[in-house]
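Below is one structure, written out as C-alpha cells; comments come after it.
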Amino acid sequence: YVHASINLKPGEISEPVPSAIGWHILRLDSVIYTTVNDEFKYMIKNRLARDARSKKSKESLVEKLKVEYNYEEKGKAAALKFFKKKMPDNYFQSKHVAVDSLKGIEKLKPMCSFADQTITAVDFGRYLSRFQGAQLKGSMSSFLDQVFPNFVGERMLRYESTQLMTKYPEYRDVVNE
C-alpha cells in the first residue's frame, strides 16, 4: 500500500492495491513538503514509544493465551517448507496467484492448534493473500518465518474475543445490561 502510494506522481492513479481491509485504487492529487519542528518530533517519538509498548503487551497476552489454550505446533515446519518451495517467485508482484489453492496444500497436516481451533496451511495461504502487491524486503523464507507468528497471534486474539463472555461472567453481565 505504502509502496504504491510513494511511487505515484501527482495526477496519477495506481493499479488496485491490497490492504488488510480490502482493495484500493489510489490517486495522488499533490505533494506538500513541510518541515518538522521540535514539538512534532516529540509527538512522533512518544507515539512510536506507545506503539512499541502496545505491541509488547499484545505479544505478552498472546504468549499467555498460548499456555492457557494449550497451543501446539505440529505441521508448521512442513507447511512453511511447502510454502517456501511452492510459492511462485512473483507472488508479491502478482494479483492473480492463489496460494491457498497450491497443488498439494490440502494434504498438509494442520500447522498448529489451540483450544478447539485448528489452523491449516490453507488458512495461512489466505492470510498471505493480504500481502499481494506488497514489496518484499528480504527473502521469502524470512518473510514467512516473520509473518506466521503474527498470523497465529491475530487468530488467537480473535478467538479470545469470542470467549470473553464465557470466561468473565462480570463482563457478560455488563454487556447484557
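Since the model is a prediction, treat every value here as computed from it, not as a measurement. Side-chain atoms are counted along with the backbone in the values below, which use heavy atoms only and exclude waters and symmetry mates.
- Between L28 and L8, the closest heavy-atom pair is CD2-O, 3.4 Å.
- Shown here is R27, whose CZ atom has no more than 12 heavy atoms of other residues, nucleotides or ligands within 6.0 Å.
- Here the OG atom belonging to S141 is positioned 11.5 Å from the CD atom belonging to Q146, to the nearest 0.5 angstrom.
- Rounding to the nearest 0.5 Å gives a distance of 11.0 Å between CZ of R155 and OH of Y71.
- Within the 4.5 Å cutoff, the side chain of L128 has heavy atoms near those of the F143 side chain.
- Residues K109 and K74 form no side-chain contact, since every pair of their non-hydrogen atoms from C-beta on lies 4.5 Å or further apart.
- A distance of 10.0 Å separates NZ of K81 from NZ of K84, quoted to the nearest 0.5 Å.
- The local environment of NZ in K167 is crowded, with over 12 non-hydrogen atoms from other residues, nucleotides or ligands closer than 6.0 Å.
- Minimum heavy-atom separation, V147 to Y127: O-CE2, 4.0 Å.
- Ring orientation note: the planes of Y69 and F114 are tilted relative to one another, at an angle of 30° to 60°.
- Residues K66 and V152 have side chains in contact (heavy-atom distance under 4.5 Å, counting atoms from C-beta outward).
- Here the NZ atom belonging to K56 is positioned 14.5 Å from the CG atom belonging to L61, to the nearest 0.5 angstrom.
- The side-chain heavy atoms of L144 and M140, taken from C-beta on, include a pair separated by under 4.5 Å.
- Here Q163 contributes atom CD and S161 contributes atom OG; the two are 8.5 Å apart, rounded to the nearest 0.5 Å.
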Identify each donor-acceptor pair in which a side-chain atom of residues 116-123 lies under 3.5 Å from a protein atom, sequence neighbours left out, and give them as a table.
from	atom 1	to	atom 2	distance (Å)
D116	OD1	Y159	OH	3.3
T120	OG1	V122	N	3.4
T120	OG1	D123	N	3.1
T120	OG1	D123	OD2	3.1
D123	OD2	T120	N	2.9

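- Of all non-hydrogen atoms in V31 and P10, the two that sit nearest each other are CG2-CG, 4.2 Å.
- Between the side chain of S57 and the main chain of R53, a donor-acceptor pair closer than 3.5 Å is present.
- Below 30°, between 30° and 60°, or above 60°: for F124 and F151 the angle between ring planes is between 30° and 60°, a tilted geometry.
- A pairwise comparison of heavy atoms in N176 and M165 identifies OD1-CE, 4.2 Å as the closest pair.
- In the hydrophobic cluster analysis, where Ile, Leu, Val, Met, Phe, Trp and Tyr join through side-chain heavy atoms closer than 4.5 angstrom, V175 is grouped together with L164.
- If you take CG on L65 and NZ on K58, they are separated by 12.5 Å, rounding to the nearest 0.5 Å.
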